[in-house]
Amino acid sequence: MECKKDFQRDRKKEMMAVHDAMDVLSGKWKIYIISSICHYNKRRFSDILDDVVGISNKMLSKELKELEVNKLIKRTVLDTQPVTVQYELTEHGLTLKTIVENLTDWGIAHRKEIIGAQNSG
């Protein structure tokens, strides 16, 4: 069996792409935040805060700003009293929906695998 000529160069590009993705999505909270917004389509700050157990106001604010800078979410200030801020995934952010759904399915299956293995021993 023969390797493709450009295998090494292509693999380096793939690894760089994984690096770029992880750079944007890494950290303790970003996937949780994206998942919350993705599930409900539009979320207020306080809704996300309730959804993501353990995150502080300050950290949520920081993570939302980073996700906005990376064009994954859109922040909208609603003309209400008091002012309400709403977040939704951008068109680019919506491309993560399949990944979030796959990660959720994998997490459920993994939990069953681990719990099942512990119960059978």
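Side chains are part of it too, since the values below use all heavy atoms of this structure and drop only hydrogens, waters and symmetry mates.
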Least distance between heavy atoms, Arg44 atom then Thr84 atom: CD-CG2, 3.4 Å

Reported OG-to-CD1 distance for the pair Ser35 and Ile99, which is rounded to 0.5 angstrom: 12.5 Å

Residue Lys74 excluded, over 12 heavy atoms near NZ under 6.0 Å: no

Verify same cluster id: Ile48, Val77 (apolar side-chain graph, 4.5 Å): yes

More than 12 heavy atoms from other groups under 6.0 Å of CD on Glu91: no

Donor-acceptor under 3.5 Å (Thr104 side chain, Val100 main chain): yes

Candidate pair Asp47 and Asp51, rule side-chain contact (heavy atoms from CB on, under 4.5 Å), full reasoning: CA-CA 6 Å; Asp47 295 331; Asp51 238 10; over 6 Å; no

Shortest non-hydrogen separation from Tyr87 to Leu64 and the atoms involved: CZ-CD1, 3.6 Å

Flag if over 12 foreign heavy atoms under 6.0 Å of NZ, Lys42: no

Within-4.5 Å side-chain heavy-atom neighbours: Lys62 and Lys58: no

Within-4.5 Å side-chain heavy-atom neighbours: Cys38 and Leu89: yes

Shared hydrophobic cluster, Val83 / Phe45 (ILVMFWY, side-chain heavy atoms < 4.5 Å): yes

Stepwise side-chain contact (heavy atoms from CB on, under 4.5 Å) check, Arg11 with Met15: CA-CA 6 Å; Arg11 186 66 191 133; Met15 291 305 289; 2.9 Å; yes

Interatomic spacing from CG in Asp10 to NZ in Lys13 - rounded to 0.5 Å: 6.0 Å

Glu68/Lys65 ion pair, N-O < 4.0 Å: no

Glu101 and Lys97, any side-chain heavy atoms less than 4.5 Å apart: yes

Geometric class of the His110/Trp106 ring pair [parallel <30°, tilted 30-60°, perpendicular >60°]: parallel

Residue pair Ile55 / Leu49: nearest heavy atoms and the distance that separates them: O-CD1, 3.6 Å

Distance, nearest 0.5 Å, that separates CZ of Arg75 from CG of Leu67: 13.5 Å

Ser26 side chain to Met22 backbone, donor-acceptor under 3.5 Å: yes

Considering all heavy atoms, the nearest Leu25-Lys30 contact: O-CB, 3.7 Å

Cluster link Ile37 to Tyr40, ILVMFWY, side chain under 4.5 Å: no

Minimum side-chain heavy-atom gap Ile73-Glu88 below 4.5 Å: no

Side chain Thr95, main chain His92, donor-acceptor under 3.5 Å: yes

Nearest heavy atoms of Val24 and Leu72, plus distance in Å: CG1-CD1, 3.6 Å

Shared hydrophobic cluster for Ile34 and Leu103 (ILVMFWY, side-chain gaps under 4.5 Å): yes

Asn70 side chain to Glu66 backbone, donor-acceptor under 3.5 Å: yes

